[in-house]
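Chain letters run A, B, ... following the sequence lines, proteins first, then strands; residues in each count from 1. Just so you know, these numbers use all the heavy atoms, side chains as well, and skip hydrogens, waters and symmetry mates.
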2 protein chains.
Amino acid sequence: MTDIASALWLSAHPTDRSLNGALRAAGVAHLSRDSAVATSDLYAMGWQAALTEDDLGGVGGDQTFGTRTREAHLAGTLAPDIRTEQAKLREADLLVLQFPLWWGGMPAILKGWFDRVFVNGFAFNVTNAAGRTLKYGEGGLEGKRALVVVTAGDRAPSFAAGGVNGHLEALLFPLLHGILWYTGIQPLHPHLIAATDRREFGGLNHERDRLLTRLDGLPAEEPIDYRTLRHGGYDRDQRLVTDAAPLDLGIHECVAVPA
Amino acid sequence: MTDIASALWLSAHPTDRSLNGALRAAGVAHLSRDSAVATSDLYAMGWQAALTEDDLGGVGGDQTFGTRTREAHLAGTLAPDIRTEQAKLREADLLVLQFPLWWGGMPAILKGWFDRVFVNGFAFNVTNAAGRTLKYGEGGLEGKRALVVVTAGDRAPSFAAGGVNGHLEALLFPLLHGILWYTGIQPLHPHLIAATDRREFGGLNHERDRLLTRLDGLPAEEPIDYRTLRHGGYDRDQRLVTDAAPLDLGIHECVAVPA
């Protein structure tokens, strides 16, 4: 049982007059009954999607762009909107990421939230007291959990095992494992609202109820059990010692640790 | 052997004073010796990343946002920068997508190129004369090929089979299979420039040579052999009839079609 004292509800749909808008309003209201809920409705905020030179607050020099983002973070010169989002994230026990699945992933405006907010030194390249770099289950954002809520036009089976679009957790692997888990955030299994363009769609009322029920159950949910580096199983090249198929992302789940 | 009469080189790095900038300049110059090469350097262009209401040119009404993007495309009212990119893409036999791997995928500005340019009716929901919807190996962009050129800070083994970051072709599955293959574009195996932040980095000269050699060999390359719907193997729910592991994206490759 994990209490949710505070949450940040991130959403990315061009208009409130949409399924996403209705589900967002219902979800935020519901969660707000027992938790302090901050929101970042990226389209409504006019959020800048692309990380640019101007975001660094004048940190120049000959170093790489990535290194300079780190310097800007440490110097406190990152653009104010970035620092505001970092502060909101720091406060949150739970991160909700709600978006329509566009081309198998996040709309650009939401990807750009991670590009700009999750900078070097804040979300990665963070070390512990002994100087060890923390990543994959450890890091500056450890202790938080995240729920991805995604709408998709296609039917659910096409995002299931063997589905033509790829398994939803495989499509979202770069987000679930590469962003969230990498930075120490525990990803829950994503919540799919499918068939939104089709006659199989369950309808707004049904999907709203299903979402609110999911939210009610979050405290008792177990996150995806990805492998940490401390679980072992990786060789010196950070490759798993396993005979699993080359493209099977499931091997990263902590179910069959090689001896 | 596939001639490259014309190419579009898309790139997305915040500054030309970078490895990406140097490789881009070399690659474009090299390809230009034998092909007509258009470029879209998204940061230099100040490309708008987020698809918005304003992009629709006034197409309103009660329909969903996605449906209205289709109407705007068919009515020719999409924003001029979108129509310009569509025209450049139509002309190209080869699409080169060059970017630094940010959080396991495209920088937001490049994801936004697909969100805005690959609209309903242009890149998907395209039908043939018999009214059949064309997708996964067929579609409005059929006949084109695409090469993804990606730089990454981590070493190559971490993006290989069993690598802790996930196999590069699995990380890029939403792009390679979900965007390119879905719209009829044939994706080539991605070109990885790894360890850019590490002592194992091969150096600019080495990586430039390796990229130009790759470009020279493109006409003879075979694309990734993804499965088409016409190959069969999918049931009525568009799921593969197979015992392959649930998250194994490799099952979509056309190597072992179930009987």
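Pairing each heavy atom of A:Pro14 with each of B:Leu51, the nearest pair is CG-O, 4.0 Å. The minimum heavy-atom distance linking A:Gln238 with B:Arg155 is given by the pair CG-NH2, 4.3 Å. The two atoms that bring A:Ala49 and B:Ala108 nearest to each other are O-CB, 3.5 Å, heavy atoms only.
No part of B:Phe159 comes within reach of chain A, as not one of its non-hydrogen atoms sits under 4.5 angstrom from that chain. For A:Thr183, the part sitting under 4.5 Å from any heavy atom of chain B is the side chain, from C-beta outward, and nothing else. For A:Arg17, the part sitting under 4.5 Å from any heavy atom of chain B is the side chain, from C-beta outward, and nothing else. Looking at B:Thr67, there are no atoms closer than 4.5 Å to chain A (heavy atoms on both sides), in backbone or side chain. In this structure, the portion of B:Arg68 lying under 4.5 Å from any heavy atom of chain A is its side chain and not its backbone.
In this structure, B:Gln48 CD and A:Gln48 CD are separated by 12.0 Å, a value rounded to the nearest 0.5 Å. A distance of 8.5 Å separates CD in B:Glu200 from CG in A:Asp237, rounded to the nearest 0.5 Å.
Between B:Arg239 and A:Val164, the closest side-chain pair of non-hydrogen atoms is not below 4.5 Å.
In terms of the side chain to side chain donor-acceptor pair (under 3.5 Å) criterion, B:Tyr43 has no residue partners (sequence neighbours excluded). Residues passing the side chain to side chain contact (heavy atoms under 4.5 Å, CB included) test with B:Arg132, sequence neighbours excluded: B:Asn128, B:Leu134, B:Glu138, B:Arg230.
Annotation: residues 54-65 of chain A contacts chain B through A:Gly61, A:Asp62, A:Phe65 [non-hydrogen atoms, separation under 4.5 Å].
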Identify all side-chain donor-acceptor contacts of residues 97-104 of chain B below 3.5 Å with residues at least two apart in sequence or on another chain.
from, atom 1, to, atom 2, distance (Å)
B:Gln98, OE1, B:Trp9, NE1, 3.0
B:Gln98, NE2, B:Asn20, O, 2.9
B:Gln98, NE2, B:Asn20, OD1, 3.1

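Looking only at distances, no side-chain donor or acceptor of A:Lys111 sits under 3.5 Å from a matching main-chain atom of B:Lys111.
Ranking B:Pro174, B:Ser158, B:Gly178 against chain A, the residue ahead of the rest is B:Pro174, based on heavy-atom pairs under 4.5 Å.
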List the steps and the verdict of side-chain contact (heavy atoms from CB on, under 4.5 Å) for B:Asn165 and A:Tyr136. CA-CA 9 Å; B:Asn165 295 318; A:Tyr136 286 120; 2.4 Å; yes

